[in-house]
Amino acid sequence: MDAKELIARRVAQEIRPGMLVNLGIGLPSMVATYVPASLGVFFQAENGVIGLGARPPEGMEDRHLTDAGGGFVSAVPGAASIDSAMSFGLIRGGHLGMTVLGGLQVDEAGHLANWKVPGKMVPGMGGAMDLVTGAARVVVAMQHAARGASKIVPRCTLPLTALRRVDLVVTDLAVIEPTGVGLILRERAPGVSLEDIRAATEAALVIPADVPEMTLD
Amino acid sequence: MDAKELIARRVAQEIRPGMLVNLGIGLPSMVATYVPASLGVFFQAENGVIGLGARPPEGMEDRHLTDAGGGFVSAVPGAASIDSAMSFGLIRGGHLGMTVLGGLQVDEAGHLANWKVPGKMVPGMGGAMDLVTGAARVVVAMQHAARGASKIVPRCTLPLTALRRVDLVVTDLAVIEPTGVGLILRERAPGVSLEDIRAATEAALVIPADVPEMTLD
Amino acid sequence: MKGALTPEQAAELIPDGASLMIGGFMAVGTPERMIDALVARGARGLTVIANDTATPGKGIGKLISAGAVARVIASHIGLNPETQGKMISGEIDCELVPQGTLVERIRAGGMGLGGVLTPAGLATEVEDGKQVVEVEGNRFLLETPLKADFALIGAWQADYVGNLSYLLTAQNFNPVMALAGRTVIAEPESIVPVGVIPPDSVKTPGVLVDHLLVHAG
Amino acid sequence: MKGALTPEQAAELIPDGASLMIGGFMAVGTPERMIDALVARGARGLTVIANDTATPGKGIGKLISAGAVARVIASHIGLNPETQGKMISGEIDCELVPQGTLVERIRAGGMGLGGVLTPAGLATEVEDGKQVVEVEGNRFLLETPLKADFALIGAWQADYVGNLSYLLTAQNFNPVMALAGRTVIAEPESIVPVGVIPPDSVKTPGVLVDHLLVHAG
């Protein structure tokens, strides 16, 4: 299993029946693949659809139905289309059960930085600030390190996305829960030791007596 | 012609082609009768319809289509139904060309009082404050006097509806234009003299050299 | 969506003293069966947030007559003399809010905004006790969000996942209230299979609705 | 509604230096023929208010490539490297706004609100230079209204009086922008007789629309 699939499958376990869930572009969007239809989950794309479905059959794409990255999608039965005001009203108003976003850094306070690398990359925050501020639960799905540097840091050096402490960080090495007493290491990826995680993590971790391996079905 | 019909017919002349117009409950609602369909005017009822039509044919009333007083109405071709947020967004945002409201008092500053008689009648302002604040043009349609007392007063003694100076007052005796230099008497009702108007008006009026009679077609 | 309730079950869910947003405008679009059930169970001490209190014997007027209501936040109570009487006698505490402000306050509550700035009500009694904020040289009232324990929604069609559509002027406050109730109960005129309401006709996405009322039979 | 324009006539109406709101999300729902006409007439110095600048060769991306744009107010420009390049080189002045804030600012401009209070952006770079307002113990950013000289709207169907409907995720920013442009020009995919779009399917009432673009032929 590659790193991205591992992360996506672990994040999928966080999703509860009937939830409204927003998945960011890229890695987070892979999570949908691992959520059973029987859960009755509705995926939201912030460009205006509740009930995002899989890629449409070849030749049946409609240019009026895309995800937030502009890619063709389908809609599940019971889908609703909404304008941007309603879309962000749902997000800001706490009606979104969970958002899954990528990250550049998460720090010991649980703050996320994911929208700007000053002088290098200034894509804009898109919906990220609203999503992190408003969603009932914020899950960050990202690689543990980039180019050898830990993305779990003592204090974010990149511009913050929001003041709000994220609820869970899932990486290719670990599941980490930011709390008021710091970053608690909750799970190890299969075959990964506590030492591996400590070595790859710049931030201080709170390590409980028992840190089980992720269970991936 | 009775007083109400006179007022309604004169107000109708203020309406320009293609305007969006809100008519208050009661006397103002009579104005619609005197606006030719050829003007392409859309009447708005603030409870949520643009393109209010006449009373429906007997036996064809629908309880999902009423005016702001709760009375059955029809809708013209090209009508749109909107929710209350959109309805008042149009009103507050200046998209309403004209509102016609009843009044309890108008004063020399052009201020309107029309929603409360302290200790006696406290119906609530409904949409009046938004309408008077936001409409491009505010026309007050009312009797010149009530129980012998002038409703055109030096300064409103009843609670104000808004800070905004109304644009025109049409009564059974006169057409009066509130301006920065006071209440200008613009027209006399048929057969009504300047003396009649002065005698019936508590407020000071600015009286131009020529005050023509209303022309009612 | 947690499933369909009988009106009696819905009324049991709602404790005495609860705050309720109730959709409708002069009883058009008001969930009448839920109101009847609240009256039948002898509910007491309710706070009702609604455009108006209809007339005695209709919609919210039934709750007023039954003595179920301790507090009203509305834009207009003028067509219900019982509400006026109970306000004057002190039995009902009544907050009157301009209609456009009322709908924006509910929307702000439902959409996670801390408030909105409106010009409606400036320099009137509505200004009393409120923060005035200046933006680009213009003065506005800061109006704060409203939420409620329950939103009781009158709809036209619902599908099995709770998507709602409305008809004509029966829409009014219902869609915004469905955002601002901590528990949302909808009373549709009919319930149809998923897929019958097209995505573009859904005005309230099912993710907002906690319960539907069973059909009237 | 003043009648139908060719794309060339629409482009002539829009002077160099004008501010434009342009609907669409990654070019989905963007009025492409109007953009092509603006590029063809060599428009210069435009301010574009939009969710994003699409990708080179699509939607607003064409205006960026053509050098027509001096200023952008958007939530995301990350998928158009040309916009990023021109921002870094100083050719384009770029204001990045959280997506939910952007849509509320446009709505406030269109609906006559003086601003809205949002928690999104608090304690981030977005807070810089903004008024922070406390409501009931919580802090919010005061975000001010946006208006534009023109709103260019991409719609699905229009009728002869300018009522507009939208399809699925091609809706996005279009309905709010139709409220906030001083002149509103809509580019529908088809134009149908009055009455073909039912009142409950109208998302932008025709009273907001100044011009339709003639059909593509």
Side-chain angles (χ1 to χ4, degrees), chain B residues 25 45-52 62-75 79-94 109 111-113 115-116 118-134 156 158-164, chain C residues 23-29 51-55 58-59 72 74-81 83-84 87-88 94-104 106-107 111 118-127 139 154 156 166-177 179 189 203-204:
Chain B
I25 302 175
E46 67 266 31
N47 55 320
V49 61
I50 294 173
L52 201 69
D62 177 25
R63 67 199 161 79
H64 307 91
L65 183 56
T66 60
D67 62 18
F72 293 121
V73 292
S74 63
S81 41
I82 53 180
D83 75 355
S84 295
M86 179 65 144
S87 181
F88 280 86
L90 292 175
I91 290 169
R92 206 191 305 100
H111 288 152
L112 169 69
W115 71 279
K116 184 175 178 178
K120 277 195 190 159
M121 183 195 76
V122 192
M125 64 294 282
M129 289 189 176
D130 300 278
L131 284 160
V132 176
T133 302
C156 286
L158 298 173
L160 293 190
T161 303
L163 191 56
R164 182 247 186 86
Chain C
F25 195 116
M26 287 302 295
V28 175
N51 179 63
D52 57 71
T53 58
T55 50
K58 285 178 87 175
V72 167
S75 84
H76 198 269
I77 57 168
L79 298 170
N80 190 330
T83 312
Q84 290 222 32
M87 173 176 69
I88 289 164
C94 203
E95 181 184 344
L96 292 168
V97 181
Q99 201 166 129
T101 300
L102 183 61
V103 70
E104 286 298 316
I106 296 167
R107 181 179 184 273
M111 290 195 167
T118 177
L122 264 179
T124 73
E125 293 184 3
V126 170
E127 183 175 319
R139 298 169 73 243
W156 164 232
Y166 305 93
L167 274 188
L168 298 164
T169 60
Q171 185 177 187
N172 56 69
F173 278 71
N174 282 301
V176 281
M177 287 180 170
L179 286 155
E189 296 188 33
K203 299 246 166 114
T204 296

Those residues at least two apart in sequence (or on a different chain) that pass salt bridge (charged side-chain N to carboxylate O under 4.0 Å, His left out) with C:Lys58 are none
Portion of C:Thr83 that has a non-hydrogen atom of chain B nearer than 4.5 angstrom: neither
Among residues at least two apart in sequence or on other chains, which ones pass salt bridge (charged side-chain N to carboxylate O under 4.0 Å, His left out) with C:Glu189? B:Arg63
Measure B:Ala85 against the heavy atoms of chain C and call it side chain, backbone, both or neither at under 4.5 Å. both
Tell me if a side-chain donor or acceptor on C:Thr169 pairs with a main-chain N or O of B:Thr66 at a distance below 3.5 Å. yes
Can you tell me how far apart CD (C:Glu104) and CG (B:Asp130) are? Round to the nearest 0.5 Å. 9.5 Å
Just how far is it from atom CE of C:Met177 to atom CG of B:Asp83, taken to the nearest 0.5 Å? 11.5 Å
To the nearest 0.5 Å, how far apart are CG in C:Leu79 and CD1 in B:Ile25? 6.0 Å
Could you measure the distance from the CH2 atom of B:Trp115 to the CD atom of C:Glu125? Nearest 0.5 Å is fine. 4.5 Å
Is chain C contacted by the side chain of B:Ala128, its backbone, both, or neither, given a heavy-atom distance below 4.5 Å? neither
Cut-off 4.5 Å, heavy atoms of chain B, and the answer for C:Gln99 is both
Mind checking whether C:Val126 and B:Met129 have side chains closer than 4.5 Å, heavy atoms only? yes
Using non-hydrogen atoms only, which part of B:Ile91 is less than 4.5 Å away from chain C: side chain, backbone, both, or neither? neither
Partner chain C: residue of B:Asn47, B:Val73, B:Leu160 with the largest heavy-atom pair count (under 4.5 Å): B:Asn47
Which atom pair, heavy atoms only, marks the closest approach of B:Ser84 to C:Phe173? OG-CD1, 3.1 Å
Flag the one option from B:Arg92, B:Glu46, B:Arg164 with the top tally of heavy-atom pairs under 4.5 Å to chain C. B:Arg92
Residues which pass ring-ring contact (aromatic ring centres under 6.0 Å, His included) with B:His64, listed by chain and number, not counting sequence neighbours: C:Trp156
Part of B:Ile82 within contact of chain C (heavy atom distance under 4.5 Å): backbone
Mind checking which of residues 119-126 of chain B sit less than 4.5 Å from chain C, heavy atom to heavy atom? B:Met121, B:Val122, B:Pro123, B:Gly124, B:Met125, B:Gly126
Which one wins on heavy-atom pair count under 4.5 Å against chain C: B:Leu65, B:Val49, B:Val132? B:Leu65
Ignoring hydrogens, what is the shortest heavy-atom contact between C:Met26 and B:Gly69? Give both atom names and the distance. CE-O, 4.1 Å
Is chain B contacted by the side chain of C:Pro119, its backbone, both, or neither, given a heavy-atom distance below 4.5 Å? both
